[in-house]
Amino acid sequence: MLDNGRRAGRPITLDGSALHPTDIAALAERTAYPAAPDPKAFARAEESWETARRLAATGRVYGRSTGVGANRTEDVGAADADHGLRLLRSHAGAIGDPLPAREVRAMLAVRANQLLAGGAGLNPAVITSLLDALDAGAHPVVNEHGAVGTGDLAALAQTGLALAGEHPWHCAPGGRAPAPIALDNNDALALISSNALTLGQSALALDELRRLLAASLPVAALSLLAVGGSWEPFAEPVLLARPHPGSAAAATRLRTLSGIPPRPTPPLGRIQDPYGFRCIPQIHGPALDAADTLDGVLTIEVNAAAENPLISIEDQAAYHHGNFYAAHAALALDTFRLAVLQTARLSTARLAALSEPDFTRLRPFLGDAAPASSGVMILEYAAGAALGEMRAVSHPASLGHAVLSRGVEEQASFASLGARQTLRACTYYRQILACELVAAVRALRMRSLEPDPGLPLATAFTLAADALDPRMEDRPLTDDVAVASGLLDGMAGL
């Protein structure tokens, strides 16, 4: 990733129809750059703009020739040339801390692509400016709070004012902000009528949590090896008997990681392991399925012409509607967080098992030979604290309620809150998995166990063992967990 405004990685062409959440993450993280917009899509956006201007000049079109919200019944005269800028200025009242660059860049990518879907009726110069900003490493200063899941009005109004030259930009070293462009009454609502920030943040969270879910399986497999657990629960006949796709995928990957056949031989003298090991497919699987569901929802949303009103080129009409209401995203985000939370609970259960001599045949808490050694005892507390934080942000945001704009907008999805909660869940989940990884590697070292050479799990163990401090005496484990946290992304692809 480059911080000096230069291009990095692969080009991604935006055309309003084929952007994927992984593309958004790449554009946001600057591992890819935006290519020139698809010419056909750009021509459609131009035609949509011209259509919108004609419709607003000859009839009543919400937000263009009228006010917005409860002011929708008030007409705006053609001579009131400042109405659009006044709307942006009034709505650019986001509050809270400025958002990180990658979250704002994700918003810019989503909004540019949505505009290329051709339903906004917005000045196509906005698309060019948004893509220029992405290419140059610039983003407007956007504050955290200002949306309830019915459009990211405040964030996009700040963006609009930045495009007009009235709001600050943040530029990477060597980067530059786009030159100011003129926006008129037809451009203000058309720009801000979108959930682009929510969708961009959701794409970033999905991208990271997918990696962590992938990393959690080699971590779990190392823990299973450390306690001498059974592979019987991951047998192919078990999963075929209850064929949920995510559960089958989790079990197959666990077997592949450790070179286990589809019908493993049960261990002698052991009937079954605790849930932390035995139920990995059944608890990890729903998270994989929920990730796929969220991926599908986001893919539709980031390629949608969801602006209100919809400017239909084919019908030469402006359709007023509720496509800005983000219930699909809110519910998919809530489901995804709750599903990932279950896998985090399972990780803490395995961490507890690694501290138990009945499973490891080692001293309690993987302590060394010193009397009453505490070993990894504190990691259970640390992981439990992170799990508590993760539980708090997993509360369904869609349970929220708001009545706004003099009662005209009497419902809210709170998808915007759900996106921020999902981003925060990434941090806590990573910490929990890192605690388990530190304990699993320590237990394997103490038992002089390693996965068979040549297996993906052996690669995972070597990656961790080479990076983690081998000392067994009681000492602070903060740095160990930090190192393990950084290893998880590399384990995701094994």
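Quick note: numbers below take in every heavy atom, side chains included, and nothing from hydrogens, waters or symmetry partners.
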Contacts of [X] that satisfy side-chain hydrogen bond (donor to acceptor under 3.5 Å, both in side chains) - sequence neighbours left out:
X	answer
R44	E314
R345	Q342
Y428	none

Does the distance from a Lys or Arg side-chain N to an Asp or Glu carboxylate O, for [X] and [Y], drop under 4.0 Å?
X	Y	value
R475	D480	yes
D207	R210	no
D489	R211	yes

Extract all donor-acceptor atom pairs below 3.5 Å that involve side chains of residues 383-391 and protein atoms in other chains or at least two apart in sequence.
none

Listed partners of [X] passing salt bridge (charged side-chain N to carboxylate O under 4.0 Å, His left out), at least two apart:
X	answer
E307	R111
R361	none
R445	none

With a 4.5 Å heavy-atom cut-off, do I24 and L204 have their side chains touching?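 They are not in side-chain contact.
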Taking atom types as modelled and ignoring hydrogens, do the side chains of S398 and D334 form a donor-acceptor contact shorter than 3.5 angstrom?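 Yes, D334 and S398 have a side-chain donor paired with an acceptor closer than 3.5 Å.
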Verify the distance criterion only: is there a donor paired with an acceptor across the side chains of Q114 and S194 at less than 3.5 Å?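 Result is yes, a qualifying pair exists.
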Return the set of residues passing side-chain contact (heavy atoms from CB on, under 4.5 Å) with [X] (not counting sequence neighbours), or none when no residue passes.
X	value
D452	L455
A41	D15, D38, L116
L488	L212, A215, V219, R430, L433, L437
A251	F234, L239, R255, P281

What do you reckon, is CZ of F324 surrounded by more than 12 foreign heavy atoms closer than 6.0 Å?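 Count over threshold, so yes.
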Going by the side chain to side chain donor-acceptor pair (under 3.5 Å) test, which pairs reach into residues 224-234, not counting sequence neighbours?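 Sorted result for residues 224-234: empty, none.
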